[in-house]
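Below is one structure; the comments refer to it alone.
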Amino acid sequence: MTLTLSIGGGWRSPEWHHRHRRRRASMEIMHVLMTEHRTITRTLGLLERVGLSVLAGDAQAVLDLASLLAFLRDFLEQGHCRREEAALFPLMEQCGMAWGSGPLKVLAAEHATGRRQLLQMQSLLGELDRGEEDARDQIFLEIRSYRDQLMAHMRKEDQVIFPMLQRVLQRVGSVRKVGCKAWVHEPSVPGGLPPARFEILGWLEGRYGG
């Protein structure tokens, strides 16, 4: 077996270095997702403020809400959630969590709920555009429900799932390779948005407060 000298002076096998790289990659998955959670939290606060203006009858806010929902569709549903499903969920499974029960089942169900809620908000915007004023109240209620569900989902991951996975990875050293291309921000990855797409958040915060 070939050994290499580590920075600390110890000799390490190629297998050790391979396991170490995999563990670092797994840790990076969680770091990327937690960073995206901060953007999502910022967007949800903005979503509620825009929703309040829609409720008050602001015509421009209706257009801004449509833009914000399109951003959430691309960044959150087609990007962040798909990265979790392609990289985080398999990582959880490899760390001993079953697909059909427990945390994995709950997180997957919450993703499905979020997608239904986003579609419902877009549908209600269509009703409002057709002059159905009752949709204003329904839109705001849906926004509140969507925000609360998603904030609880992210807290669960940040405060429970990620720390638990980190402890497992520290103990076992590595897991099998997961689909890293699903979470890397590359133009070829669905939901990997160019920086210009995030400018809408700053613009809307200038209008509705940040």
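Computation of the quantities below employed the complete heavy-atom set of this structure, encompassing side-chain atoms and omitting hydrogens, waters and symmetry-equivalent molecules. Sequential numbering from 1 along the given sequence is applied to the chain's residues.
Residue Phe198 is grouped with residue Tyr208 when hydrophobic side chains (ILVMFWY) are merged at heavy-atom distances under 4.5 angstrom, including chains of intermediate members. Hydrophobic clustering (ILVMFWY, side-chain heavy atoms < 4.5 Å, transitive): Leu72 and Trp203 are in one cluster. The cluster map of Ile, Leu, Val, Met, Phe, Trp and Tyr, joined by side-chain heavy atoms under 4.5 Å apart, puts Met34 and Leu88 in the same cluster. Hydrophobic clustering (side-chain heavy atoms under 4.5 Å, transitive across Ile, Leu, Val, Met, Phe, Trp, Tyr) keeps Leu128 apart from Leu55. Tracing side-chain contacts under 4.5 Å through hydrophobic residues (I, L, V, M, F, W, Y), one reaches Val50 starting from Met151; they form part of the same cluster.
Within the 3.5 Å criterion, the main-chain N or O of Thr39 finds a donor-acceptor partner in the side chain of Thr43. Judged by distance alone, with hydrogens and angles left aside, the side-chain atoms of Arg73 form no donor-acceptor pair with the main-chain N or O of Gln78 at under 3.5 Å. Thr35 places a side-chain N or O within 3.5 Å of a backbone atom of His31 that can act as its donor or acceptor partner. Judged by distance alone, the side chain of Arg49 and the main-chain N or O of Gly209 form a donor-acceptor pair under 3.5 Å.
A 4.5 Å side-chain heavy-atom check between Cys81 and Arg115 finds at least one atom pair inside the cut-off. Side-chain contact between Asp158 and His37 is present, with heavy atoms from C-beta onward closer than 4.5 Å. Contact annotation: the side chain of Leu33 approaches that of Glu36 to within less than 4.5 Å [non-hydrogen atoms, C-beta and beyond].
Taking all atoms of both residues into account, the shortest heavy-atom contact from Phe140 to Glu48 is CE1-O, 3.8 Å. When every heavy atom of Arg197 is checked against every heavy atom of Ile200, the shortest pair comes out as O-CG2, 3.3 Å. Across Leu124 and Ala135, no two heavy atoms sit closer than the pair O-CB, 3.7 Å. Closest of all the heavy-atom pairs between Gly114 and Tyr146 is O-CE1, 3.4 Å. Scanning both residues, Glu205 and Leu46, for their nearest heavy atoms gives N-CD1, 4.0 Å. Across every non-hydrogen atom of Pro103 and Ile161, the tightest pair is CB-CD1, 3.8 Å.
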task = Would you sort out whether Arg82 and Glu85 count as a salt bridge (charged side-chain N to carboxylate O under 4.0 Å, His left out), showing the intermediate values?
result = CA-CA 5 Å; Arg82 289 180 65 176; Glu85 290 159 5; over 6 Å; no
task = List the steps, then state whether side chain to side chain donor-acceptor pair (under 3.5 Å) holds for Asp64 with Gln60.
result = CA-CA 6 Å; Asp64 293 339; Gln60 179 60 46; 2.9 Å; yes
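For the atom pair CD1 of Ile40 and NE2 of His80, the computed distance is 4.0 Å after rounding to the nearest 0.5 Å. Put simply, CG on Leu125 and CD on Gln138 are 11.5 Å apart, with the number rounded to the nearest 0.5 Å. Taking CD of Glu77 as the start and NE2 of His111 as the end, the distance is 8.0 Å to the nearest 0.5 Å. Within the model, atoms CG of Leu201 and CZ of Arg42 stand 4.5 Å from one another, a figure rounded to the nearest 0.5 Å. A distance of 3.0 Å separates CE in Met97 from CE in Met164, rounded to the nearest 0.5 Å. Annotation: the span from Leu76 atom CG to Leu69 atom CG amounts to 11.0 Å, rounded to 0.5 Å.
Between the side chains of Gln149 and His153, no donor-acceptor pair is found at a separation under 3.5 Å.
Here the rule is side chain to side chain contact (heavy atoms under 4.5 Å, CB included) with Leu47, and of Leu204, Leu52, Ile143, Leu150 only Ile143 fits it.
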